Amino acid sequence: MNFQDDFFKREVQKSIDEIKVPESIFTFAKELPYKMEEHAKPKLPRKSKWKKWLTIAAASVTIGISAGAYLSPTFAAYIKSFFVRPDLDEGLQTAAKEGFSEKKEYSVTDNGITLKVKEVMADTNRLILTYSLENENGEFIDPTILFESEQWAPGRTEYFVKDLNAFYITDKDGDIVSRSTNYGTKKGRFVTQHIHRVFPHHPYADLMFELNHSAVDSKQLFANITINKIGSIEGKWNLKVPVHIEKSMMATKTLPVDKQYVTREGLAVTFKNVVYSPTLTSLNFETKWTEKGKQLIESHREYGGMEKSFHRLLYDIIDSKGNIVATTFPKKLDYNSTGLVFSEHNQVSSQQTETIHWRNSFIPLPKGEKLTFVFRGIERMEYPNKSITFHPTKLNEKPVSLDYKGNLLTIQNFKLETNKDGKRVGILEIEERIPLGGVSYELSDEKGNILEINYKSSSSVFTIDYDEHSMTYRVKNKLEIEGIEQMPKQLTLTLKTATVLYKDENWKVPIPSPSEK
């Protein structure tokens, strides 16, 4: 087992300080459960001193773990569960410490490789499982061999399914209840997968799944794994692992709110309830356009009509001192912050097609705090189709700008270069001052030909510069433009889509606490 050294040292030191035994005993404690698991009856040297030391060590470990008073509770939980690790979020760690995980011993072997599922934990929001791969000699294989990996941000690696392998969650009726997500990888591959995140901790890895609304009605779920290829080895590794969630359902508490507000744009927002589950806190809403909102959408071409109308809710959750403890609109690009939305689901009502159900889930909100929901407004996708024409050779003298409802694009430079493939391309340097939702645009030459932007070879740099008043970020792009052999006489940039913020801060609602009856 590969433990996190810093964490382990801290916990061991706590225990050593309290019970005053040699550190070597706790080094043994660290390894004992997993060695015993892999070798049920370990062969030990027949030396009296070794037997005596082992007896003392095992007894000390047993007393420490069972007594609880002598061993740090965090350390004890760390031994018992894979999910009490510093690289996992606080919601998972807390739920694992409270006993919501299940040890599993499901395995399947083909062509000398064994897939094992070791532990599973789930509530109505998400499911996480730990697995390993071993060869016929019992040696571990890198578990991430099942995926294609890409570095998407500093400290953030994304994993994508490959080789027609599949991982998903079903209910007792066989219906898939894990959310799927579509990805375009940097290598140009289009991927649809049900896995939300992969967490390697050699020689194991965790798979995390987000669950949709229908998972709430299931007392038992099934983790389905279908693998056709591991590295260069083809075979069939299929597992269907039952997961019981009755305990987590009993610990889940739903508290009604039922408050409504109508924005200046005519969107009726109903704050339905708050759901406290073992691993997440979820806020549920309904949104529906009023007649005023519908008329505005139909009368403004840039809104795209009702069939294209898309919006999101912007809000903060603050404590009694006014500190933001959670938000749907981060003030900085810190993807590791616990206050960001963990997941956001939206679903059109089957009975009222104009009503959308929203569920925003956060790492569990602070307990015992007086929290308040503070509405900030909405953001909407719009279709400006607004253009600006410029002369590439004159940009160095005077950059040109295009502004649309708070989305400011400044075209700074254009030059010709030879790319890594030896092709002549154009490089367009553009700075954006935009909301987090972003923009999309196209580029055309003086003849009206649409030029292809090679996004795989382009680069974007988020400058950590957030404007509190406009709620926008500054982004610098270097876009590689294909099909250009010589400097064009003029170019036209057309803004196709833009995220527009409509601020509205006149609505606040107290959030009920799980301690309330």
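Every value quoted in this text rests on a predicted model; they were computed, and no experiment measured them. For reference, positions follow the sequence shown, starting with 1.
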Taking atom types as modelled, find out whether Asp123 and Ser277 have a side-chain donor-acceptor pair closer than 3.5 angstrom. yes

Would a 4.5 Å heavy-atom cut-off, applied to side chains only, mark Thr157 and Glu150 as touching? no

For the rings on Phe373 and Phe285, is their centre-to-centre separation under 6.0 Å? yes

Donor-acceptor pair between Asn125 and Ser282 side chains, under 3.5 angstrom: yes

Do the ring centers of Tyr473 and Tyr466 come within less than 6.0 Å of each other? yes

Taking the side chain as every heavy atom from C-beta outward, state whether Tyr441 and Glu432 have any pair of such atoms under 4.5 Å apart. yes

Compare all side-chain heavy atoms of Ile128 with those of Val120 and state whether any distance is below 4.5 angstrom. no

Pair Arg85 + Asp206: basic N to acidic O under 4.0 Å: yes

Say whether Asn477 and Glu429, considering side chains only, have a donor N or O and an acceptor N or O under 3.5 Å apart. no

Can you find a pair of side-chain heavy atoms, one from Asn182 and one from Phe190, that are under 4.5 Å apart? yes

State, with a plain yes or no, whether a side-chain heavy atom of Met208 is found less than 4.5 Å away from one of Leu129. no

Would Lys116 and Tyr106 count as a cation-pi pair here, with the cationic atom under 6.0 angstrom from the ring centre and within 45° of the axis? no

Counting C-beta onward and ignoring hydrogens, is there a side-chain heavy-atom pair between Thr144 and Ser149 closer than 4.5 Å? no

What residues, two or more places apart in sequence or in another chain, satisfy salt bridge (charged side-chain N to carboxylate O under 4.0 Å, His left out) together with Glu480? none

Any non-hydrogen side-chain atom of His196 less than 4.5 Å from a side-chain atom of Thr181? no

State whether Lys423 and Glu482 are salt-bridged, where the test is any N-O pair (Lys NZ or Arg NE/NH1/NH2 against Asp/Glu carboxylate O) under 4.0 Å. no

Residues two or more places apart in sequence or in another chain: which of them pass side-chain contact (heavy atoms from CB on, under 4.5 Å) with Glu139? Asn135, Asn137

Indicate whether the side chain of Thr497 and that of Ser440 have a donor and an acceptor atom separated by less than 3.5 Å. yes

N/O donor to acceptor pairs below 3.5 angstrom from side-chain atoms of residues 232-242, sequence neighbours left out:
unit_1, atom_1, unit_2, atom_2, d
Lys236, NZ, Asn228, OD1, 2.9
Trp237, NE1, Asp110, O, 3.4
Trp237, NE1, Ile113, O, 2.9

Answer yes or no: is there a donor N or O on one side and an acceptor on the other, between the side chain of Ser248 and the main chain of Ala122, under 3.5 Å? yes

Please determine, by modelled atom types, if Thr279 and Arg126 share a side-chain donor-acceptor pair under 3.5 angstrom. yes

Between the side chains of Arg312 and Glu379, is the shortest nitrogen-to-carboxylate-oxygen separation below 4.0 Å, so that they form an ion pair? yes

Determine, step by step, whether Tyr204 and Phe82 satisfy the ring pair (Phe, Tyr, Trp, His ring centres under 6.0 Å) criterion, reporting the C-alpha distance in whole Å, the side-chain angles of both residues, the deciding distance to 0.1 Å, and the verdict. CA-CA 9 Å; Tyr204 305 95; Phe82 287 105; 4.8 Å; yes

Using a strict threshold of under 4.0 Å (side-chain N to carboxylate O), is an ion pair present between Lys103 and Glu105? no

side-chain hydrogen bond (donor to acceptor under 3.5 Å, both in side chains) between Thr192 and Ser180: does it pass, once the steps are laid out? CA-CA 7 Å; Thr192 299; Ser180 64; over 6 Å; no

